[in-house]
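The structure presented is a predicted model; accordingly, all values stated were derived computationally and were not measured. All residue numbers in this chain count up from 1 along the given sequence. FYI, side chains are in, hydrogens and waters are out, and symmetry mates aren't considered; it's all heavy atoms of this structure.
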Amino acid sequence: TVFMQPATLALIESGDAKKGDVLGVARIAAIQAAKRTPDLIPLCHPIALTRVGVEFTIDRERACITCEATAETVGRTGVEMEALTAVSVGLLTIYDMCKAVDRGMTITDVRLLEKHGGKSGYQSTHHSSNKYKQEAITIQWQYLCDLMREDTIVLHIHPPRQSGPE
């Protein structure tokens with residue numbers, strides 16, 4: 001999820017962002033990132049993906065956009081790293097395309113929601129006892145990017161925060 005000023009969200013929705021169709025470009029970037037995961041993450045082996053789906057959900061009340069990615073393969077391995085990479089790059093692309101109008105955007109809640117197959121079989125963070133809203137596909141970390149001097153990005157890794165009761 002990327003949180004932003006309401007005016008930034010309106011700009012994205014209207015299609016009037018200076019760099020073009022923000023969500024269209026972010027979707028392409030996310031799909032490309034899933035396919036290039038082994039080039040980005042050391043020791044992550046190449047996987048023949050059969051499908052990568054990327055969906056963006058706009059929440060006007062909270063002034064945010066959530067990205068959810070699904071990656072599939074016919075191989076005997078999991079593709080969670082590809083989905084996580086897709087979400088991260090999709091959200092970073094939104095940030096990049098809108099940073100000129102909103103440097104206060106915050107990317108959060110990147111975590112794995114559900115996984116089928118691979119060595120570990122089925123995994124889900126949707127437990128019946130879990131009463132907290134799951135916001136996006138991602139890893140068990142919250143990413144908080146702070147823009148520092150001379151455009152140096154510092155990435156702080158925090159334990160996941162609970163989004164609150166549904």
TODO: Consider only side-chain heavy atoms of I, L, V, M, F, W and Y, link residues closer than 4.5 Å, and tell whether M97 and L11 are in one cluster.
DONE: no
Open item on the list: How close do M81 and C44 get, counting heavy atoms only, and between which atoms?
Closed with: CB-SG, 4.0 Å
TODO: For the pair T8 (side chain) and M4 (backbone), establish whether a donor and an acceptor sit closer than 3.5 Å, ignoring hydrogens and angles.
DONE: no
Task: V101 with I94, same ILVMFWY side-chain cluster at under 4.5 Å - done: no
Open item on the list: So does A29 get a backbone contact from the side chain of T93, meaning a donor-acceptor N/O pair under 3.5 Å?
Closed with: no
Open item on the list: Does this structure show an ion pair linking D96 with K99, if we count only N-O contacts that are shorter than 4.0 Å?
Closed with: yes
Task: Minimum-distance pair of heavy atoms, taken over all atoms of G90 and A26 - done: O-CB, 3.6 Å
Task: Spacing of D102 atom CG and L9 atom CG [to the nearest 0.5 Å] - done: 10.0 Å
Task: Nearest atoms (heavy-atom pairs only) where A48 meets T73 - done: O-OG1, 2.6 Å
- [ ] State yes or no: do L84 and V89 share one hydrophobic cluster built from I, L, V, M, F, W and Y residues joined by side-chain heavy-atom distances below 4.5 Å, directly or via other members?
- [x] no
Open item on the list: Applying the side chain to side chain contact (heavy atoms under 4.5 Å, CB included) criterion to V79, which one of I47, T85, T70 satisfies it?
Closed with: I47
Open item on the list: Does E72 form a side chain to side chain contact (heavy atoms under 4.5 Å, CB included) with V52? I'd like the steps, not just the answer.
Closed with: CA-CA 6 Å; E72 296 175 3; V52 177; over 6 Å; no
- [ ] Take E13 and I58 through the test side chain to side chain contact (heavy atoms under 4.5 Å, CB included) and record every step on the way to the result.
- [x] CA-CA 9 Å; E13 284 188 284; I58 295 172; 3.6 Å; yes
TODO: Is it possible for you to say whether V87 and L49 belong to one hydrophobic cluster, with membership spreading through side-chain heavy-atom contacts below 4.5 Å?
DONE: yes
- [ ] In sequence, state the C-alpha distance, the side-chain angles, and the governing distance for C98 and I12, and then conclude on side chain to side chain contact (heavy atoms under 4.5 Å, CB included).
- [x] CA-CA 8 Å; C98 298; I12 292 170; 3.7 Å; yes
TODO: Would you check, one step at a time, whether the test side chain to side chain donor-acceptor pair (under 3.5 Å) holds for T66 with T1?
DONE: CA-CA 4 Å; T66 297; T1 303; 3.1 Å; yes
TODO: Taking all non-hydrogen atoms of both residues into account, name the closest pair between L40 and P42 and its distance.
DONE: O-CD, 3.7 Å
- [ ] Please report the shortest heavy-atom distance between V2 and M105, naming the atom on each side.
- [x] CG2-CB, 4.1 Å
Open item on the list: How long is the straight-line distance from CD1 of I65 back to CZ of F56, given to the nearest 0.5 Å?
Closed with: 7.5 Å
Task: Heavy-atom closest contact (A86 atom, A34 atom, distance) - done: CB-CB, 4.0 Å
Task: Between CG on residue L91 and SG on residue C64, distance to nearest 0.5 Å - done: 10.0 Å
